[in-house]
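Values reported hereafter were calculated over all heavy atoms of this structure, with side chains retained and with hydrogens, waters and symmetry mates removed. On a predicted model such as this, the values are computed, not experimentally measured, just so you know. Both ligands and their constituent atoms are indexed starting at 1 by order of listing.
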Amino acid sequence: MGALRLDVVTIFPDYLKVLDLSLIGRAAGDGLITPVVHDLREWADDRRRTVDGPPVGGGAGMVMRPDVWGRALDRVLAAPIGGAATSGGTAPRTGGAARRVLVMPAPSGDLFTQRTAEDLAGADQIVFACGRYEGIDARVAEHYRDAGVEVRELSIGDYVLGGGEAAALVMIEAIARLRPGVLGNPESVIEESHGEDGLLEYPVYTRPVAWRGLDLAVREPALLSGDHARVARVRRDAAIARTAGRRPDMIRRLSPDRLDADDRAALARHGWAIPAGARGPVELLVRSARPDDVDALADLAARTFPDACPPALTPEQVASHTALNFTPERLSAWQADPRAILTVAELPDGLPAVWLVETAGGAGAVAPRELVGYSAVLLEIADRRGALLSGLDSRPDAVEVPTRADGATGLAAELSKVYVDARLRSSGVAAALLDHAVRAAAAAGVTALWLGTHDGNRRAQRAYRRRGFRAVGSRDYDVGGRRCRDVVMSLNPQEARGAR
Ligand code: ADE
């Protein structure tokens, strides 16, 4: 690969003097790029070196003349490329014609992104035509395009600069650093914002480890662990968190087949689900249940409970359990009682049917704000009359309730439980609800969060284990008059707080 020739045509050649500095200056010194700056007025044809005129049709400002630009660009686009800029005659890169690109910076252009930079880094010559005033007569771009030149009208962002020079400098720096040899350490272009993985870069730190009360040993112990896999995971989680917070548009464009289970869990924690069959993450809202959710919630509860049941149960047994336990009255009582933490999940934008795989639970679109999952944490606290919440199962003996770190008595709660619409299975909705439940339990002072789940339901057990639950025993559980065997799992939310 020969040197990349970068021509800049401008009425302010001195503006481009910074190309002599830093990265670009060094790359030019090393013969990797060849910046050449031209004064547009050299191609004016009057004594006053005029380059502009009033807009045809009237209006404010001045427009740059096509005849002046035409003479300039004819000349610059015919420059020899592939070696020294001005000595001429050196052949372009081997194998095929040289690639010359005419870049016209303009706020009305296509957005210049890292992908554009990567593409343009493969050119042999880039000519930047820097407009001022109201811009360059539109026939200039049209003419060169018609003549077979690759013309790119590019904007560096949604704001208006005084002219194209600053934009050209931005683009030159972004493009040049991608040319081989320009950066000392080529690794630095692999893991960075707007890279191939579609995420912003994770936050970076250097020594000292503790600075002004901000101690990495406390905040980021994994980064000091020396465990490369752990460091990579923590960094990727941080990149996901940062991108979710700052650039939801980038999250929406992530490709599901490049996201592993840990990525999905991290996305779920930050409000994004990936339904099976979806083309990308969709926004997920996890919030406290409101009184007006109760009917939809009873419906969802009745719909999702059978999924968690062993196949041996008859539909009648399941229905009789549902009719007893998931009534609107029960859910309404939970919603109103501070001892129940009732959380729901909804997709604010809904989901088109084509984004969902058909499941036993049904096909069809998810409506905007339709409830797609819920969880209930029931605190084992007696009311003034000494009564526990109705619907709170009796705590199995196997569940121990540790005291709090400050020596105070511990508190038990039943996670009863996490249910998700079958259309959103494996989408991250369950992980998000579970994470929310554990955090809410921690905030409520719970030291033993326990649950019973059918012992044949390995998928659910795996999900609970992933969030830190451990099997502590078993219990018999009655569903519609039939005895079922449950695994009892438990976790101390105080210890799990902040854990992944
Ligand atoms: N000229 C003026 N504003 C610009 C922008 N945002 N991008 C590129 N060129 C410009």
Discussion item. Between Y144 and D74, is there a side-chain donor-acceptor contact under 3.5 Å, judged purely by atom types and distance?
Written reply: yes

Worksheet item: Got a salt bridge between D227 and R233, using NZ or NE/NH1/NH2 to carboxylate O under 4.0 Å?
Response: no

Worksheet item: Any Lys/Arg nitrogen of E283 or R252 sitting under 4.0 Å from an Asp/Glu carboxylate oxygen of the other?
Response: yes

Which pairs of N or O atoms, one from ligand 1 and one from the protein, are separated by less than 3.5 Å, and what is the distance for each pair?
| unit_1 | atom_1 | unit_2 | atom_2 | d |
| --- | --- | --- | --- | --- |
| ligand 1 | 3 (N) | L161 | N | 2.9 |
| ligand 1 | 6 (N) | G157 | O | 3.1 |
| ligand 1 | 6 (N) | Y159 | O | 2.7 |
| ligand 1 | 7 (N) | I156 | N | 3.0 |
| ligand 1 | 9 (N) | A106 | N | 3.1 |

Discussion item. For E346, is there any backbone N or O sitting under 3.5 Å from a side-chain donor or acceptor partner on R287?
Written reply: no

Worksheet, complete the sentence: Residue pairs meeting side chain to side chain donor-acceptor pair (under 3.5 Å), one or both in residues 7-23, sequence neighbours left out, come to R5-D7, D7-H38, D7-Q125, T10-E165

Fill in: Nearest non-hydrogen partners of V429 and A345, listed with the distance
CG1-CB, 3.8 Å

